[in-house]
Amino acid sequence: MSKIPQQVIPIIIILMVVVGAFIAARNIFVPESFGEQGHFRTEAIQENMDLEQVYAGADACYDCHDDIVETKSGSYHKGVACEVCHGPALQHIDAPDEFTPRAPRERGYCPLCHGYNPSRPSGFPQIIAERHNPGKACMSCHNPHNPLLPHAPEECAACHRDIASVKILSHHATLPCTQCHTIEKGHKSSPKFTKAHKPTDNSTCEYCHNKGSNGNKLAPKINAEEHSDRYLCWDCHYPHYPEAY
Amino acid sequence: MFYSIISPLLNSMPGLSGYVFPNEYELHWSILIVIYPYLTGLVAGAFILASLERVFKVSALKPIYRLSLLTALAFMIIAPLPLLAHLGHPERSFEMFLTPHTASAMAMFGFVYAWYLMVVLLLEIWFDYRKDIVIWSNEKKGVVKYFYKLLTLGATDISDKAVAFDHKIGRVITIIGIPSAFLLHGYVGFIFGSIKANPWWSSVLIPIVFLFSAIVSGIALMLIVYMITSMVRWTKMSMKCLNKLAEFLLYAMLIDFSLETLDFIHRLYESEESISILSEMISSRLFISLIITQIIIGSLIPMLGLVFGRFGKLPDELRRMIYFISAILVQVGIFSTRWNVVIGGQLFSKSLRGLTTYKLDIFGIEGLFVAIALLVAPIGILWVLTKILPPWNEMGAVQKDIEKMSSSESA
Amino acid sequence: MKKTNTKLIRPEIERRAFLKNCSKTFPSLLFLVASFDVQNILANENGSYDPTQHNYAMGVNIKKCIGCARCADACKSENKVPREPHFFRTWIERYVIPEDGEPIVDSPNGGIDGFPEISEKLHIERTFFVPKLCNHCVNAPCVQVCPVGATFATKDGVVLVDPKWCVGCRYCIQACPYGARYLHPETEVADKCTFCYHRITDGKLPACVEVCPTQTRIFGERGKKSSPLRRFFKFNEIHTLKPGLNTKPKVYYAGLDGEVI
């Protein structure tokens, strides 16, 4: 039994050749950095880091367009980076004259965010584009860098911004605050001591909405006696956004 | 094959339904990945059958021992091709050997395959044929002589002692080979069964089901190959061998079918969050290939056929006919099993809210023709192998042995 | 200083703010010396990026998302993702949950071209948008299954793909529970979100975070007091996707609905 059988020898030689070839191939073909930081090619990290950038980043625009950035940073669009609308602009930073970023002016663009969609969070300003001044460019009324609502009742909104921003979306948008609220002279200087008056009964609403009333002929009408005499109007209808309730 | 019947039916199904993740619209693993487990299953099954004769001394299976080994080898050579053809970068496939990721089930493929092909199959065949090869290298003439001389690898000792050693080592290899064959196909099942993201695949039973379906398909394949080769060669088939094969096929099918039913009932009873989308898939997209082809045509009918064929009082002619048809149906059934696992696992979105469809190409690397070519190629290779290493030489002697045995038994 | 909330490592801005203050308060000589010093320090910082000092993560506040999908659009530009519909590193899903019946989910072209109108007949109970992207899982199944080590987690907590080593077997795509991976049709290798690794290691924000107009996406680092994520974690109920799979995602959702899978 001490002698190795003849037929085993070629098998052992072949096995050794295969294993040897395998070890040699591993030494030759596996990149040196493989396995340094884990089971991967370490250069791959650097290669991923070296990929070309396309977006310049929010702060890059400031160096040249500081006026617009300043305006925007105080507006409702303060959180909207320049490149959201103007598109990737790193090329523009590298060669300002050769590459001009896009400036979408068409009506289809703003509704990407501001078009009505019930899935959007409530309170986010939305319009139904087909019915919202059809044909008119958005920019003719709204400055995208400082998108204030046109004809906002500026005086009251200075403090009551949240109410104003809701009311402007509603059917009551064009009503001045004084339509329903009487405001004492001192309210603006010391609002805590001199309160503005809120309506106390339904007559304020009925002025426009009761059947046969003349306050606003186009306002939807109800029969105040039949509609409900046990509730105040604002128990059910939010006056600053009546169609929502 | 049958999938040419199935695929138009699948294509005529409505496209998408519900919500499918955007990156999942197209299936990532195509028909080629269906063929891969099908082929390895045949390999494992054929080898396990061969080792039954060798290790467990089932003498009735002697006539197909060598044929099974050659069949396993023929299918083994083709098995990795569909995988290779499916890679985005086949030229980088050697990385599986160079930098195998030990955590990855797939990375082990290269090693399991190499182990099985080189250490188990080739070695066993070589040791088994060595004596014959040496004899042929002396008898034949011309180029053929030198070809066989090359095959001897210089080991020309065919003394009784040396041949006895061949038998001994062959037996050892077979004993190693059985767990290896289990490993080969159980591991293929594990590639699918270990994907926790996919509720259709993720199951501990998948490797076991794969294994038993592999045994089923391998036995059925050997039944077909044995019958066809005997018919082509105008030799008498050993009815004893056929009966034994049919018996083993039936038992394996019973186990396989019970396991699959267990898996099915288990899923249904546990009814986890994925159950609704999976039932929707089975009742629409997979109805034909799962309920009709796999279960009815591929399992129930052949099982009934085998019960009748084996235990009924029938003439041998009819018996052979039933065996043959059952074996063909089993192949159809096992192929659709692979189809249902691989394609089925991708027909539903991981959002569990939608179904997509698989559109089988006709041309192209992942198309129907390539698939058919890959399924036919092993048969061609087997034909060549039987020319180089004829498995029948010994068979005449064996047949005589068997006849002797049966006559002595009856006496 | 402007935009401190999105600040990561912003040497230019710090410098500018610093210089501004200097010019106001210090004599010009001191200002000059100081500026030289600052420049030196910055040169060191930029020269050697140390990944062990970072642990990146993202917060997504569902309640703020308006579904404009500018993120998905910007991602395609920044990362050269094919424009065709079925390749996304990030996308927006819309969930519409009716008062009776099953939730309806869609994401036509990832939301980039907007969402179709919901039928008026449908009585909506609640509805919202969900941005999706690679979760950069701590226990990433894609990293586990990659046979050749072509996808891996870096020390700073980002899961990357090595496009020069990937064989294109698509096992990682199958293993990802979130559908975040795809096979790039040109390079034939797996591709997915990298948190814009080329940007964040350069002190910039990922493109999707950069362009998000409502600050739905918050990018930052875990375990850093200066990170904007700190406040996000403090004031929100935080969820991750498919927590039962134990992938430990590093994309954290605030206000995530139970219907989201």
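Heavy atoms only: backbone and side chains are in, while hydrogens, waters and symmetry mates are out.
- When all heavy atoms of B:Ile365 and B:Leu32 are compared, the pair lying nearest together is O-CD1, 3.6 Å.
- Interface summary for chain B: among C:Ala180, C:Ala175, C:Gly168, the most heavy-atom pairs under 4.5 angstrom belong to C:Gly168.
- The nearest pair of heavy atoms linking C:Val189 to C:Pro163 is CG1-O, 3.6 Å.
- Under a 3.5 Å cut-off, the side chain of B:Asp263 and the backbone N or O of B:Leu259 do not form any donor-acceptor pair.
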Item checked: Evaluation steps, side chain to side chain contact (heavy atoms under 4.5 Å, CB included), between C:Met58 and C:Leu133 -> CA-CA 10 Å; C:Met58 191 184 281; C:Leu133 67 157; 3.9 Å; yes
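- Taking both residues in full, the closest heavy atoms of B:Ala214 and B:Ala44 are given as CB-CB, 4.4 Å, listed atom of the first, atom of the second, then distance.
- For B:Ile33, no part sits under 4.5 Å from any heavy atom of chain C, backbone or side chain.
- Using a 4.5 Å cut-off between heavy atoms, B:Ile195 touches chain C through its side chain atoms alone.
- Here B:Ile191 is the residue among B:Leu98, B:Ile191, B:Leu352, B:Leu83 with the most heavy-atom pairs under 4.5 Å with chain C.
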Here's a test: name every donor-acceptor pair under 3.5 Å between chain B and chain C, with the distance for each.
| residue | atom | partner | partner atom | Å |
| --- | --- | --- | --- | --- |
| B:Tyr19 | OH | C:Trp91 | NE1 | 3.2 |
| B:Tyr19 | OH | C:Glu93 | OE2 | 2.8 |
| B:Asn23 | OD1 | C:Phe88 | N | 2.8 |
| B:Asn23 | ND2 | C:Phe88 | O | 2.9 |
| B:Asn23 | ND2 | C:Gly179 | O | 3.0 |
| B:Trp29 | NE1 | C:Cys169 | O | 2.9 |
| B:His86 | O | C:Arg170 | NH2 | 2.9 |
| B:Gly88 | N | C:Val167 | O | 3.2 |
| B:Gly88 | N | C:Gly168 | O | 3.0 |
| B:His89 | N | C:Val167 | O | 2.8 |
| B:His89 | NE2 | C:Thr187 | O | 2.7 |
| B:Arg92 | NH1 | C:Pro163 | O | 3.0 |
| B:Arg92 | NH1 | C:Lys164 | O | 3.4 |
| B:Arg92 | NH1 | C:Cys166 | O | 2.6 |
| B:Thr99 | OG1 | C:Val148 | O | 3.0 |
| B:Thr99 | OG1 | C:Trp165 | NE1 | 3.1 |
| B:His101 | N | C:Pro147 | O | 2.8 |
| B:His101 | ND1 | C:Val143 | O | 3.3 |
| B:His101 | ND1 | C:Cys146 | O | 3.0 |
| B:Ser104 | N | C:Gln144 | O | 3.4 |
| B:Ser104 | OG | C:Val145 | O | 2.5 |
| B:Ile191 | O | C:Tyr171 | OH | 2.5 |
| B:Lys196 | NZ | C:Leu245 | O | 2.8 |
| B:Gln346 | OE1 | C:Gln174 | NE2 | 2.9 |
| B:Lys350 | O | C:Lys242 | NZ | 2.8 |
| B:Lys350 | NZ | C:Ile173 | O | 3.2 |
| B:Lys350 | NZ | C:Gln174 | O | 3.0 |
| B:Lys350 | NZ | C:Cys176 | O | 3.1 |
| B:Arg353 | NH2 | C:Glu259 | O | 2.3 |
| B:Arg353 | NH2 | C:Glu259 | OE1 | 3.4 |

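- Annotation for C:Leu241 and C:Leu256: closest pair CD2-CD2, 3.8 Å, computed over non-hydrogen atoms.
- When all heavy atoms of C:Val211 and C:Ala74 are compared, the closest pair comes out as CG2-CB, 3.5 Å.
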Note to self: Is there a side chain to side chain contact (heavy atoms under 4.5 Å, CB included) between B:Val342 and B:Phe192? Walk through the geometry before answering.
What the structure shows: CA-CA 8 Å; B:Val342 177; B:Phe192 295 97; 3.6 Å; yes
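- Of the listed residues C:Cys166, C:Ala150, C:Pro108, the one with more heavy-atom pairs under 4.5 angstrom with chain B than any other is C:Cys166.
- Here C:Pro103 is the residue among C:Gly149, C:Ala190, C:Pro141, C:Pro103 with the most heavy-atom pairs under 4.5 Å with chain B.
- Counting all heavy atoms, side chain and backbone alike, B:Ile35 lies closest to B:Pro82 at CG2-CG, 4.1 Å.
- Contact count versus chain C (heavy atoms, under 4.5 Å) is highest, among B:Gly18, B:Gly354, B:Pro90, B:Ala107, for B:Ala107.
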